[in-house]
Peer 1: 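Right, I'll just put the structure down here and ask away after.
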Amino acid sequence: MARYDPAAIEARWQQEWDAAEVFKARPDPDRPKYYVLEMFPYPSGNLHMGHVRNYAMGDVVARYKAAQGFNVLHPMGWDAFGLPAENAAMERKIHPGSWTYDNIANMKAQFRSLGLSLDWSREFATCDPEYYGQQQALFLDFLEKGLVYRKAAVVNWDPVDMTVLANEQVEDGRGWRSGALVERRELTQWFFRISDFSQELLEALDGLDRWPDKVRTMQANWIGQSRGLRFGFACETPVHGVEAIEVFTTRPDTLMGASFVGLSPDHPLAKALEAENPAIAAFCADCRRTGTSEEALEKAEKRGMDTGLRVRHPLDPDWLLPVWIANFILMDYGTGAIFACPAHDQRDLDFARKYDLPVKDVFHSLGVERKAEKTNSPTPLDSPELGSDVAFVPPRTEKVVYVRPVAQAGHEMTGEQAVENTIYLAERQGWGTGVMQYRLRDWGLSRQRYWGCPIPVVHCDACGVVPEKKENLPVKLPEDVSFDRPGNPLDRHHAWRNVPCPACGAPARRETDTMDTFVDSSWYYARFTSPGAATPTDRAEADYWMNVDQYIGGVEHAILHLLYSRFFARAMAICGHLPDSAAEPFDALFTQGMVTHEIYRSVSQKLFAENDGTEIQIVHEAYHLPKDVVFCDVGGQREAVLRSEMVEDKFDPDDEQQVKDYLNVFGRTEIQIIPSAKMSKSKKNVVDPVGIVDRFGADTARWFMLSDSPPERDVEWTDAGAEAAHKHLARVWRMASELAPSLPQAGESGAEAAPAGVSDPALARLAARTIHDVTQGIEGFAFNTSVAKLYAFTAAIQKSDAPATDRAAALRILARLMAPMTPHLAEEVWRMLGGTGLLARQPWPEADPALLVDDTVTLPIQINGKRRSELTVARDLPKPEIEAQVLADAAVQKALAGGAPKKLIVVPGRIVNVVV
RNA sequence: GCGGGCGUGGUGGAAUGGUAGACACAUGGCACUUAAAAUGCCUGGGCCGAAAGGCCGUGCCGGUUCGAGUCCGGCCGCCCGCACCA
C-alpha cells in the first residue's frame, strides 16, 4: 500500500508551479492587485522556525488572495548589510560579501523547499550594487530637497579597539571585545530630518485602521507629542555670555514649587563650565562613561553636581535657584535643561532628597485637603513637603487644589487647565512661549563601518561637502579590504578614498561612513515593484503595485523599522519616486509572535577548597540539545534524562521501560525543563527547519506553524505537535488515495467527475459551514481556528457514510481550503480526485448561503446567570413565545417555586436569563 | 527606569459582554494484530457523589452588569522595544 510521501509530492508540485510561472507577477490593469509582503530576512545562513512561521502566514494570505482573483505580488529579498558579516570576517578571515552571498545561496535553497508562492524573479539583496546604487541616488535626491543634513552627535567609543561600538556591543559600560570602559565621543554625522514630520507621522496613525492598536500606540508614544512652556531662567550674573538658561517643561503649573535648574552634562553651558572647573569636568567625564542608549541613562544611578551658578525665578527676581548638572537630563530632548519640582515628580524628589534640596508642594488632592481642614492641620500630613518620599503625581485630568499656583491661590482645577492657564499667562506677560514638543529625534544614519551602503559624498578642501554625480553611481565598496586591524577599512583604503572633487576636480576624499542598515529596509518594498529599474522606482510599476496591502513581521519592528519606512515613503513621494497616495506604504500590518522551544538545563554546583583553605562554589550551567535528552512520565511529572548518562550506566535510552527503571534507580535528574523559551543557539533549543522538512515535509512544518497558537502569540515547537500535524496530513492523503479508485475516471463518464458538488445533506451543510468558517479565519488572521475547522471537517468526511462521489467532492473542497496552508498536499489530493488543472489557479470555494442557516436554535437557559437548562426553538420564534416556553421549563418552574421571576432576559438566538 | 503587550485544564489553545475549555497534544482504556508498528473508537479542569446532580474554577484583589475569560481600577509574573542588533 502506498504511503504519503511528502518528499516526492513536494518536489513534483514545486516543479509544476515553476514551469507554469504561477507566481510570477505582471501588472494587469483589468484585475485588482494585492501586494503581500513579509519582512525580508537577514541572511544569517540558516532558516529558523520563526521564518517558517512568518512566511507560512504570508503564503496563506498570498495564495488565498490569488484564489479570490487578485493579481498578487509576493516578492522576497535579503536584508544583507550589517554587523554580523563583519564579525564573521574578523573571526573567520573571510570577506563579508562572500560570507553574505554564501548564506543567501544556502537560505534560498531552504526557502525553495518550503514551496512558498514567491516571485523569485524579483529577488535582490540590499548589498547588491544595483540596489544600494539606487539607494545612493535616493540619498542625493533627499540631500537636494533638504531632507538630509550633518551635525555633531555622540557615539560609543572603545579607546582600546579604537572603534565605534553599537549599543549591543556595549556590555555594562564596557566594550564587548576589549573590555575597556566605553567613552562617549562626538562625531559629525548625517541625519534624516524625520523630526520635521513628527506631527504628520503622528496624525496619520489615525488612518492606519488596519494596523494593530498596540503598534499605533507604541509609535504615538515614541513620537511623544507634548504641549508645554519654553522660557528662560535669567542668570544672576551672565556666564560665558549666557544671560539665561532656556528650559522646556510640560508642567509650568508647578513653577512655584521649583527647587533647582538642571543641565544635561552635554549642555553647552555645562561644557563651558567644564573648561574652567576641573571638578565639573571630572563629573561630566564620569557621566559620559555610561553608554549612549536611553536605557543605560535611565537605569544609571541619578547623580548631580552643583555648578555654583544661581538663576532668578521668572516670577520672583529675588528668588534664586541653584543650577545643577545631572546625569539623567537628556540633551536630545527639549532644550537639554529643566527645572525640577520635586513635590510632583518622583525622579526630582529622589534627587532633591539625595542632595538635600528644597521641596515645596504646589497642589494637594481634594480629599487630602478636606481631611486637612477637618483635622485643623495647615497642610496635609503626608506630603513631600512634610517629608514623604512619594511624589504626588495625580492624573492631569484630576482636579486638585493649588496651594502655590502661578496665578490665583486656592483654585480647584485640573493639571491640564492649570498648564494652559500658565502658558496663557506667560505669553501675555512675555516671559515664555507655549510650544508643541516632540520626543522623536532626527535619524542619525552614519555608521563607521565597511559592510553598508557608502554615503555618496566627497569632502573637498575648497568646495566642502560635495554630492557625488549621479552618473558615477553606484559608489561601490572596494573588494580588497581586511579586518585584521581595528577601525573602518574604508578609512585606510587610500586608493578608494582619495578621489577628485566632483565639483572642482581638485584632490578630495570620499566620505567613509556608510548608511545605517535601517535605510536599506526603509524602501525595499518600493523597489520590489520594479527591481531592475534604472531609477529607484519605475513610476508606472510603483503606481500599479503600491501600497503593500498586507505587511507581516515581528513586533520587535513595531517602532523603528516601521516609523522609518513611513518617513521614507513620504520623502520618496516628495522626490517623485512614489505617488503621494503611498505616503503610508503599508495599508494593513500584522505582527506575529515568536517560535519558542523548551530548554534542557543542568546545573551542577561544586565546592572546592582552595589551597589556603577557603571554600569557593562553582556553579556550572549546561544546556542540552533535544536529541541528547530522553523523556519519561514519573507520577504525572515529565522528567528528562541525558542519553549519555544512561549509556554510561549501561541503560538503553531508546527503551521506554529502561528509562523508567533508570529514573527509579537514580531518582530525579538534574535536568530542568524550561518551557516556552525564545530559540537561541547558546541555549541549544533551536529547531532547524531543514531537519523537519527532511523528516516530515514542508507541508507538515507549515501546517504545524499555523495550527494551535494564534498567529500574534508565541508558539511552542514540540516534536509531538509536529508528529500530530504530519499524521493528520497523512490521513488526508490516505482518504484521498483510498477513494480515488472508486470514482468514475475522467473521460469515462464525461468530464463531470470533478465539478460535482456534495449532495449528502449533512455533509453539504458542514462543507458550507467549513468554507465559511475557514474563510473567516483567514480574513481575521486566526489561522489556528481555520485549522481547527479543517480538522473537524476531515473527521466528519471520514465518518460519513455518504456515497464515494460525495465524499470525494467534500475532499476536493477540503483540498481547496487547505491549499493556502499545505499547497503540495492540496494539489496532490485535487489531482487524485479528478480535479483539473493546477489547484494554485482554482478560485476560492464559496459557501451556499442557504446551507449556512439553521431552522432551529438551542438557547441555554440561565437562572441567576448560571446555566440550568436549555430550549430548542424555531430560529425566528417571537420573543413572547420564547418567554412562555422558558417559564414552562421544569428547571425554571422549580427555581421559581410558584412565584414570578424578577426579570426575564431573552437575547434572541443567543441566551435566556431568568432572575429570581 | 520608561513605553507596549500577554496571563484560561497536565500542555498549545477556543469563546460578537451570553452554555468556559471548540480543535489538537499528552495520559488512561478499548478494538484490530501472533506481536509490534500503523489505524480506528472512547475518556479527558478540580472536589463531592454509585448515579442523577451539586459546589468551585480563566494569575491575584476589588468594581460595573441580569450575566465578566472578555469592560474598569489596583497589584503580581513573564515577554517585546528603548533610537549604532536586525
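Because the structure is a prediction, the values reported are computed rather than measured. By convention in this document, chain letters (A, B, ...) are assigned in the order of the sequence lines, proteins followed by strands, and residues within each chain are numbered from 1.
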Peer 1: Just compare B:rA86, B:rC84, B:rG40 and give me whichever is closest to any side-chain atom of A:His557.
Peer 2: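 Looking only at heavy atoms from C-beta outward on A:His557, the closest nucleotide is B:rA86.
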Peer 1: Does a side-chain N or O from A:Gln862 land closer than 4.0 Å to OP1 or OP2 of B:rG18, or not?
Peer 2: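 A:Gln862 to B:rG18 OP1/OP2: no side-chain N or O under 4.0 Å.
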Peer 1: At less than 4.0 Å, is any side-chain N or O atom of A:Arg713 found next to OP1 or OP2 of B:rA14? Yes or no.
Peer 2: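 Yes.
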Peer 1: Could you give the CZ-to-P distance, from A:Arg441 to B:rC84, as a whole number of Å?
Peer 2: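 After rounding, the reported distance stands at 7 Å.
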Peer 1: If only side-chain N and O atoms of A:Thr517 are considered, is one of them under 4.0 Å from the OP1 or OP2 phosphate oxygen of B:rA86?
Peer 2: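 Yes, because at least one side-chain N or O of A:Thr517 sits under 4.0 Å from OP1 or OP2 of B:rA86.
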Peer 1: Base, sugar-phosphate, or nothing for A:Gly444, non-hydrogen atoms under 4.0 angstrom?
Peer 2: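 The residue A:Gly444 makes sugar-phosphate contact but no base contact.
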Peer 1: Do A:Asp350 and A:Arg347 meet the salt-bridge criterion of a basic N to acidic O distance under 4.0 Å?
Peer 2: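 Salt bridge absent between A:Arg347 and A:Asp350.
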Peer 1: Rounding to the closest angstrom, what is the interatomic distance between B:rG69 and B:rG9 at atom C1'?
Peer 2: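 That atom pair is separated by 14 Å.
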Peer 1: Of the nucleotides B:rG5, B:rA86, B:rG81, which has the atom closest to the A:Ile559 side chain?
Peer 2: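 Looking only at heavy atoms from C-beta outward on A:Ile559, the closest nucleotide is B:rG81.
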Peer 1: What contact category does A:Ala720 fall into here, base, sugar-phosphate, or nothing, at under 4.0 angstrom with non-hydrogen atoms?
Peer 2: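 Answer is sugar-phosphate: A:Ala720 comes under 4.0 Å of backbone atoms only.
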Peer 1: Give A:Arg439 one of three labels, base, sugar-phosphate or nothing, depending on what nucleic acid heavy atoms sit under 4.0 Å from its own.
Peer 2: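 Answer is base: heavy atoms of A:Arg439 come under 4.0 Å of a base.
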Peer 1: For residues A:Phe40 and A:Tyr524, establish whether the separation of their ring centroids is below 6.0 Å.
Peer 2: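 Between A:Phe40 and A:Tyr524, the centre distance is under 6.0 Å.
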Peer 1: Mind calculating the distance between CG (A:Asp213) and P (B:rC6) to the nearest angstrom?
Peer 2: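 Computing the A:Asp213:CG to B:rC6:P distance gives 10 Å.
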Peer 1: In whole angstrom, what separates A:Tyr4's OH from B:rA37's P?
Peer 2: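 For the pair A:Tyr4 OH and B:rA37 P, the rounded distance is 23 Å.
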Peer 1: B:rG12 base to A:Asp708 side chain: any donor-acceptor pair below 3.5 Å?
Peer 2: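 Such a pair is found, so the answer is yes.
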Peer 1: Can you list the stems that include RNA chain B, where a stem is three or more consecutive Watson-Crick or G-U pairs with distances under 3.5 Å?
Peer 2: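 Stems found: B:1-7 with B:76-82, B:10-12 with B:23-25, B:28-31 with B:39-42, B:45-48 with B:53-56, B:59-63 with B:71-75.
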Peer 1: If I take atom CG in residue A:Leu47 and atom P in nucleotide B:rA86, what distance separates them, rounded to the nearest angstrom?
Peer 2: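 Going from CG in A:Leu47 over to P in B:rA86 covers 20 Å.
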Peer 1: Does the base of B:rC2 carry an N or O that pairs as donor and acceptor with the side chain of A:Glu295 under 3.5 Å?
Peer 2: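 Absent.
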Peer 1: Take atom CD of A:Gln169 and atom C1' of B:rC84, then tell me their distance rounded to the nearest Å.
Peer 2: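 Nearest whole value for this atom pair: 8 Å.
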Peer 1: So, does A:Ser709 get its side chain near the phosphate of B:rG13, meaning an N or O under 4.0 Å from OP1 or OP2?
Peer 2: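 Yes, because at least one side-chain N or O of A:Ser709 sits under 4.0 Å from OP1 or OP2 of B:rG13.
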Peer 1: Is the NZ atom of A:Lys894 crowded by more than 12 outside heavy atoms at less than 6.0 Å?
Peer 2: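 For A:Lys894, atom NZ is not crowded (no more than 12 foreign heavy atoms under 6.0 Å).
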Peer 1: Show your reasoning for whether side chain to side chain donor-acceptor pair (under 3.5 Å) applies to A:Ser709 and A:Asn784.
Peer 2: CA-CA 6 Å; A:Ser709 279; A:Asn784 55 324; over 6 Å; no
Peer 1: Measuring to OP1 and OP2 of B:rG13, would you say a side-chain N or O of A:Asn784 lies under 4.0 angstrom away?
Peer 2: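 Result: no.
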Peer 1: Does B:rC84 have OP1 or OP2 under 4.0 Å away from a side-chain N or O of A:Arg447?
Peer 2: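 For B:rC84, OP1/OP2 do have a side-chain N/O of A:Arg447 under 4.0 Å.
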Peer 1: Hey, is the main chain of A:Arg441 close enough, under 3.5 Å, to the side chain of A:Asp332 for a donor-acceptor pair?
Peer 2: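 It does not hold such a pair.
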Peer 1: Look at the side chain of A:Asp520 and the backbone N and O of A:Phe81, then say whether any donor-acceptor pair between them is shorter than 3.5 Å.
Peer 2: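 Answer holds: no.
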Peer 1: Rounded to the nearest Å, what distance is computed from the CZ atom of residue A:Phe704 to the C1' atom of nucleotide B:rC23?
Peer 2: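 Between C1' of B:rC23 and CZ of A:Phe704: 14 Å.
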Peer 1: Under a 4.0 Å heavy-atom cut-off, which of residues 906-916 of chain A touch RNA chain B?
Peer 2: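 Hits under 4.0 Å, by residue number: A:Val907, A:Arg910, A:Ile911, A:Asn913, A:Val915.
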Peer 1: If you count heavy atoms of other groups shown closer than 6.0 angstrom to NZ of A:Lys902, is the number above 12?
Peer 2: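 Check fails, neighbour count at 12 or below.
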Peer 1: Are any of A:Lys903's side-chain N or O atoms less than 4.0 Å away from OP1 or OP2 of B:rC66?
Peer 2: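 True: A:Lys903 side-chain N/O within range (under 4.0 Å) of B:rC66 OP1/OP2.
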Peer 1: Measure the distance from NZ on A:Lys866 to P on B:rG53 and round it to the nearest whole Å.
Peer 2: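 The distance from NZ of A:Lys866 to P of B:rG53 comes to 16 Å, rounded to the nearest Å.
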Peer 1: From the options B:rG4, B:rC85, B:rG13, select the nucleotide whose nearest atom is closest to the side chain of A:Pro710.
Peer 2: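 So the side chain of A:Pro710 is nearest to B:rG13.
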Peer 1: Can you tell whether the side chains of A:Arg439 and A:Glu294 come within less than 4.0 Å, N to carboxylate O?
Peer 2: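 A salt bridge links A:Arg439 with A:Glu294.
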Peer 1: Is A:Gln189 side chain donor-acceptor paired with the B:rC84 base, going by distance under 3.5 Å alone?
Peer 2: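 Such a pair is found, so the answer is yes.
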Peer 1: Please determine whether a side-chain nitrogen of the Lys or Arg among A:Arg868 and A:Asp889 lies less than 4.0 Å from a carboxylate oxygen of the Asp or Glu.
Peer 2: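 Not counted as a salt bridge, because no side-chain N and carboxylate O are separated by less than 4.0 Å.
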Peer 1: Looking across every strand, which nucleic acid part, if any, lies under 4.0 Å from A:Asn864 by heavy atom: base, sugar-phosphate, or nothing?
Peer 2: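 Since no nucleic acid heavy atom lies under 4.0 Å of A:Asn864, the category is nothing.
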Peer 1: Can you confirm whether A:Ile552 sits close enough to A:Met39 that some side-chain heavy atom of one is under 4.5 Å from a side-chain heavy atom of the other?
Peer 2: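 In short, these two side chains do not touch, never coming nearer than 4.5 Å.
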Peer 1: Quick one: which of B:rG40, B:rA86, B:rA14 gets closest to the side chain of A:Thr785?
Peer 2: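 In terms of side-chain proximity for A:Thr785, the closest of B:rG40, B:rA86, B:rA14 is B:rA14.
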Peer 1: Does a salt bridge link A:Lys214 with A:Glu712, judged by any charged N lying under 4.0 Å from a carboxylate O?
Peer 2: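 Answer for the salt bridge query: no.
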Peer 1: Counting side-chain heavy atoms from CB outward, which of B:rC84, B:rA83, B:rU39 is closest to A:Arg734?
Peer 2: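 In terms of side-chain proximity for A:Arg734, the closest of B:rC84, B:rA83, B:rU39 is B:rU39.
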Peer 1: Map A:Arg731 and A:Asn156 onto RNA chain B by nearest heavy atom, then report which one ends up closer to the 5' terminus.
Peer 2: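 Looking at RNA chain B, the more 5' nearest nucleotide goes with A:Arg731.
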Peer 1: Have a look at A:Lys902 and say if it touches a base, only the backbone sugar-phosphate, or nothing, with a 4.0 Å heavy-atom cut-off.
Peer 2: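 No contact.
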Peer 1: Centres of the A:Phe192 and A:Tyr564 rings: under 6.0 Å?
Peer 2: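 Judged by ring-centre distance (under 6.0 Å), A:Phe192 and A:Tyr564 do not meet the cut-off.
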Peer 1: To the nearest Å, how far apart are A:Asn87 CG and B:rC85 C1'?
Peer 2: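 After rounding, the gap between these two atoms is 10 Å.
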